[in-house]
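Since we're looking at a predicted model, the values are computed, not measured. We use all heavy atoms of the structure for the numbers below, so side chains are in, but hydrogens, waters and symmetry mates are not. Along the sequence shown, residues are numbered consecutively beginning with 1.
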Amino acid sequence: MKKYLSYSYRNTFLLSILLVWLNTGMAKAQSNQFYNDAYQTIDNMLNDKQQYSFKEAVFSVENAYYQGKLDTEKLNGEIAFLKGFANAIIKSRDLTYKQSDKDKVSKYAAVYSIMCQTLPIAIKDTVIQYKPFNYDFEDVFGHKDITNLFVSKLLATKKGNCNSMPYLYKILAEELGVEANLALAPNHVYIKHQIKSDGWYNTELTSGIFPQDSWLMASGYIHLDAIKNGVFMKALNNKESLALCLFDLAQAYNRNFPDNDGEFVLKTINRALEVYPNFAKALILKAETHKEQFERLMDKQNLSSNNTENIKKVQQDPKAKELMEIMTKEYAHIYDTGYRQMPEEMYLDWLTSLKTEREKYENKKLLNNFTK
């Protein structure tokens, strides 16, 4: 009987360990499922299996990071309110713009006003001042907290950056039934529009200005090859904008699961690059993911990556050798596209220069067209 109890206790203990292992695996699979769902949503849009919605793509990424806890109903309500506000602005004023695409331009102007201008709002016998969204200079790259890049954070605080502000602008424009093209500069996202009076023009939401292309070139980090190859200053179409969402998804996944094996990140980034082949941030993340996989192989062999001889030694492993060859080609390709890394401190100085040198870079004709 004593032997039976010992045997029974052993089986119970092993079963408990097995159940803990299974539950842990299921929990991990469940946590990743939000990312799988977000990926599938965006992929379906890219394959025209689901109606395109930049808003839904953006919120699916943010919901994945929050593991299903994002209040999308509340966010959609806030977007609906801003849409209604934009329509009220359109009805209440008549732009000086006289071209045949005036209806479209009026919608652009209304979204611009919501994003960048203080506006009087009459409520019964009282006039209150609507406060626009502001640039937040705290953690502008999301290094400390990736949610500082989120549209949901922008809506909650009315403070954002060059990621969340153009994203919200594009969402609102599409809610009004007009297109808005995202465009990239070093460390930066802005808006490009095409209208009959001026052709293509830029909208810079971090400062509320319509800058000329000369401001973008003034950064010193936009190589002519980068423009030619569509790395920078290209008006992205809707599917290329979804590629940006896929990058955001991969980046968020890395924050949620810093010790991941790179499989989901590479799958997501490769899909983004199918749509937008010279998307520099995606190319860099792909190379860095392969670099992390290479370093893990070194760690398994207890080899320091700081030693050149160790790097040569680990390449006796066929997988390590393959990764090194892949990385070398990837980093060379990034350089060949014309991409140049802009130091973060210089980026902030460059961004500030748009306000301090506003007279030099602003498209004043466009500003006048966007007034009553």
Notebook entry, point to check: Taking 4.0 angstrom as the limit, do Lys102 and Asp94 come out as a salt bridge?
Noted result: yes
Next item on the list: Tell me whether the guanidinium CZ or amine NZ of Arg340 lies under 6.0 angstrom from the six-membered ring centre of Tyr335 and within 45° of its axis.
Entry: yes
Check: Are the charged groups of Asp145 and Lys153 less than 4.0 angstrom apart, N to O?
Finding: no
Checklist line | Exercise: identify the closest heavy-atom pair between Ile114 and Tyr130 | finding: O-OH, 2.8 Å
Notebook entry, point to check: Just wondering, do Phe210 and Asn202 contact through their side chains at under 4.5 Å, heavy atoms?
Noted result: no
Notebook entry, point to check: Among Asn36, Asn44, Asp37, which residue meets the side chain to side chain donor-acceptor pair (under 3.5 Å) test with Gln40?
Noted result: Asn44
Notebook entry, point to check: Between Arg271 and Glu274, does at least one N-O distance fall below 4.0 Å, as a salt bridge requires?
Noted result: yes
Notebook entry, point to check: Hey, is Lys267 close enough to Glu263 for a salt bridge, meaning N to O under 4.0 Å?
Noted result: no
Note to self: Closer than 4.0 angstrom, basic N to acidic O: yes or no for Glu174 and Lys55?
What the structure shows: no
Notebook entry, point to check: With the threshold set at 4.0 Å, does a side-chain nitrogen-carboxylate oxygen contact exist between Asp299 and Arg296?
Noted result: no
Next item on the list: Please step through side-chain hydrogen bond (donor to acceptor under 3.5 Å, both in side chains) for the pair Asn187 and Tyr221, ending with a clear verdict.
Entry: CA-CA 10 Å; Asn187 299 331; Tyr221 284 84; over 6 Å; no
Note to self: Tell me the closest heavy-atom pair linking Ala110 and Ile90, and the distance in Å.
What the structure shows: CB-CG1, 3.7 Å
Margin query: Run Lys192 and Asn181 through side-chain hydrogen bond (donor to acceptor under 3.5 Å, both in side chains) and show every step you take.
Written below: CA-CA 5 Å; Lys192 290 183 79 75; Asn181 300 93; over 6 Å; no
Check: NZ of Lys158: more than 12 outside heavy atoms within 6.0 angstrom?
Finding: yes
Next item on the list: Please report the C-alpha distance between Asn278 and Lys228 in whole Å, then the side-chain angles of each, then the deciding distance to 0.1 Å, and finally whether the side-chain hydrogen bond (donor to acceptor under 3.5 Å, both in side chains) criterion is met.
Entry: CA-CA 11 Å; Asn278 285 338; Lys228 181 180 68 175; over 6 Å; no
Item checked: Considering all heavy atoms, the nearest Ala57-Ile42 contact -> CB-CG1, 4.1 Å
Notebook entry, point to check: Is it the case that more than 12 heavy atoms not belonging to Gln194 sit under 6.0 Å from its CD atom?
Noted result: yes
Notebook entry, point to check: Between Lys239 and Asp48, does at least one N-O distance fall below 4.0 Å, as a salt bridge requires?
Noted result: yes
Note to self: Side chains of Lys104 and Asp101, heavy atoms from C-beta outward: is any pair under 4.5 Å?
What the structure shows: yes
Item checked: Over all atoms of both residues, closest heavy-atom pair of Asn87 and Leu176 -> OD1-CD2, 3.5 Å
